[in-house]
Amino acid sequence: VTHAKPIIIEDLETDERQLNHNRNNSTFVAKSLLGVPLIYKGKVIGVLEAINKRIGKFSIEDQELLLILGSQAAVAIQNARFFAQSDLISEFVHELRTPLASLNTAANLLLKNDINSNKKNALVEVIQQETSRLSSLATAFLDISRLESGRSQFQFQNIGLSGLLNECVCLMQTQADQAGLSLKLFLPKSNPIFRGDPNKLKQAIINLLSNAIKYNRPNGEIVLNTQIENNTLRLRIIDNGIGIPQDHIDQLFTKYYRVPGSDQVAQGTGLGLVIVKRIIEGHGGDITVSSQPGEGTIFTITLPLIPE
Ligand SMILES: Nc1ncnc2c1ncn2[C@@H]1O[C@H](COP(=O)(O)OP(=O)(O)O)[C@@H](O)[C@H]1O
Ligand SMILES: [Mg+2]
């Protein structure tokens, strides 16, 4: 179907393409299948499937009917996505207002002749901070809009777990050292190879490690812990930093949300966790958080280890 052609499979059990492996977490059993591509402007944006015809086999007529339905569905889906995108853009523009206003104020103050050099330096620092904030916002916004519009395709390939996690820790080690924090990685005895997008997974894990570093305390600790059970990987990012009050936990994965007071602790956009969640869900996994203010935070990623 990814090649924009319909497909009929009469017996999924024996089909070597193993299209059933994605469904094994439900009790539903698919026997026969008719799939048609959802095409919008010549691009495949999804698949519409009919499963288990009650009487007889899927026919060419069935296929024609589903193709017509599919072409309508593709337009409807794309329209819904455009709507979602316009919401995304208006939220983004709204978020731009605060840093832009600060920049404007700082620039106006700098233009006055009667300011001393201390004040001048402070204003230049404001300009530096706000421009770096704008640049992070722009990068994160692009990531999210690509993930949400489906334009960012996941590049699935075989990944070795140890290699992936070692790389993440390596990349964040300097930052942890500079903040005076210890960063430890505990790998499982086995090194499972699984299917995933290594760059996206790296981005997700680095985002979480970067939070664990930013919202920590002097001499704090960060642990990246792994556990494998029944082809499921449980990855825990544990810190003993400032923690998150219970009544803010629910909103952590909301766009632009930052726990009040975070501005004083570290710079941020409130988009990191949204990106992380999208990436993990794109791998069929999920992410949860538990935290104790003043004691620390644990983010837990659960990821099905899709075999090679
Ligand atoms: N490990 C953590 N410890 C304490 N607070 C955290 C942690 N991770 C995230 N947070 C809180 O969740 C908010 C959202 O995180 P995130 O989406 O990564 O945005 P950002 O880090 O850019 O502010 C942060 O602003 C912070 O208030
Ligand atoms: Mg963050």
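For ligands, and for the atoms within them, numbers begin at 1 and follow the listed sequence. In this text the structure is predicted, and so the values were computed from the model without any measurement. Quick note: residue numbers are just sequence positions, from 1.
N240 and R217 are not linked by any side-chain donor-acceptor pair at a separation below 3.5 angstrom, with hydrogens and angles left out of the test. Using modelled atom types, one finds a donor on one side chain and an acceptor on the other under 3.5 Å when comparing E229 with Q227. With hydrogens and angles left out, the side-chain atoms of T105 and N108 include no donor and acceptor closer than 3.5 Å. Side-chain atoms of Q153 and D197 include no donor-acceptor pair closer than 3.5 Å. Residues S132 and Q267 have side chains that bring a donor and an acceptor to within less than 3.5 angstrom of each other. For the residue pair N207/Q203, the side-chain donor-acceptor check at 3.5 Å is not satisfied. Of the N and O atoms on the side chains of S152 and K200, at least one donor lies less than 3.5 Å from an acceptor on the other residue.
Every atom of ligand 1 is numbered from 1 in the order shown, and the set under 4.0 Å from a heavy atom of L271 is 17 (O), 19 (O). Of all atoms in ligand 1, numbered sequentially from 1 with element shown, those under 4.0 Å from a heavy atom of G268 are 20 (P), 22 (O), 23 (O).
Proximity of D239 to ligand 1, defined as any heavy-atom pair under 4.0 Å, is confined to the side chain (atoms from C-beta onward). At a heavy-atom cutoff of 4.0 Å, ligand 1 is contacted by the side chain of F299 but not by its backbone. Contact annotation: for L273 versus ligand 1, heavy atoms closer than 4.0 Å belong to both the backbone and the side chain. If you look at I244 next to ligand 1, the close heavy atoms, those under 4.0 Å, all belong to the side chain.
One option in I298, N211, L208 has a heavy atom closer to atom 9 (C) of ligand 1 than any other, and that option is N211.
Every residue meeting the salt bridge (charged side-chain N to carboxylate O under 4.0 Å, His left out) condition with E167, not counting sequence neighbours, appears here in chain and number order: K202.
For atom 22 (O) of ligand 1, the closest non-hydrogen atom on the protein side is T269 N, 2.7 Å. At the top of the distance list for atom 27 (O) of ligand 1, counting protein heavy atoms only, stands S262 OG, 2.6 Å. Ranking protein heavy atoms by distance to atom 23 (O) of ligand 1, first place goes to R258 NE, 2.6 Å. Nearest protein heavy-atom neighbour of atom 12 (O) of ligand 1: L252 CD2, 3.3 Å. Looking only at heavy atoms of the protein, atom 13 (C) of ligand 1 is closest to Y257 O, 3.8 Å. Ranking protein heavy atoms by distance to atom 7 (C) of ligand 1, first place goes to Y215 CD1, 3.6 Å.
In terms of heavy atoms, A73 sits closest to L38 at CB-CD2, 4.2 Å.
Counting only heavy atoms from C-beta outward, the side chains of L137 and Y256 approach each other to under 4.5 Å.
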Apply salt bridge (charged side-chain N to carboxylate O under 4.0 Å, His left out) to residues E10 and K53 and explain how you reach the verdict. CA-CA 10 Å; E10 282 168 12; K53 187 168 183 181; over 6 Å; no
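Shown here are the protein N/O/S atoms lying under 2.8 Å from the Mg ion (ligand 2), water excluded: N211 OD1.
Taking the six-membered ring for Trp and thresholds of 30 and 60 degrees, F92 and F141 have nearly parallel ring planes, at less than 30 degrees apart.
Residue contacts with ligand 1 include K214, since one or more of its heavy atoms lies under 4.0 Å from the ligand. In this structure, G241 falls outside the shell of residues with a heavy atom less than 4.0 angstrom from ligand 1.
Some N or O of V259 is nearer than 3.5 Å to an N or O of ligand 1, by distance alone. Remark: ligand 1 and G270 share an N or O pair separated by less than 3.5 Å (distance only, no angle test).
Remark: the backbone N or O of G241 is paired with a side-chain donor or acceptor of D239 at under 3.5 angstrom.
Hydrophobic clustering (ILVMFWY, side-chain heavy atoms < 4.5 Å, transitive): I39 and I8 are in distinct clusters.
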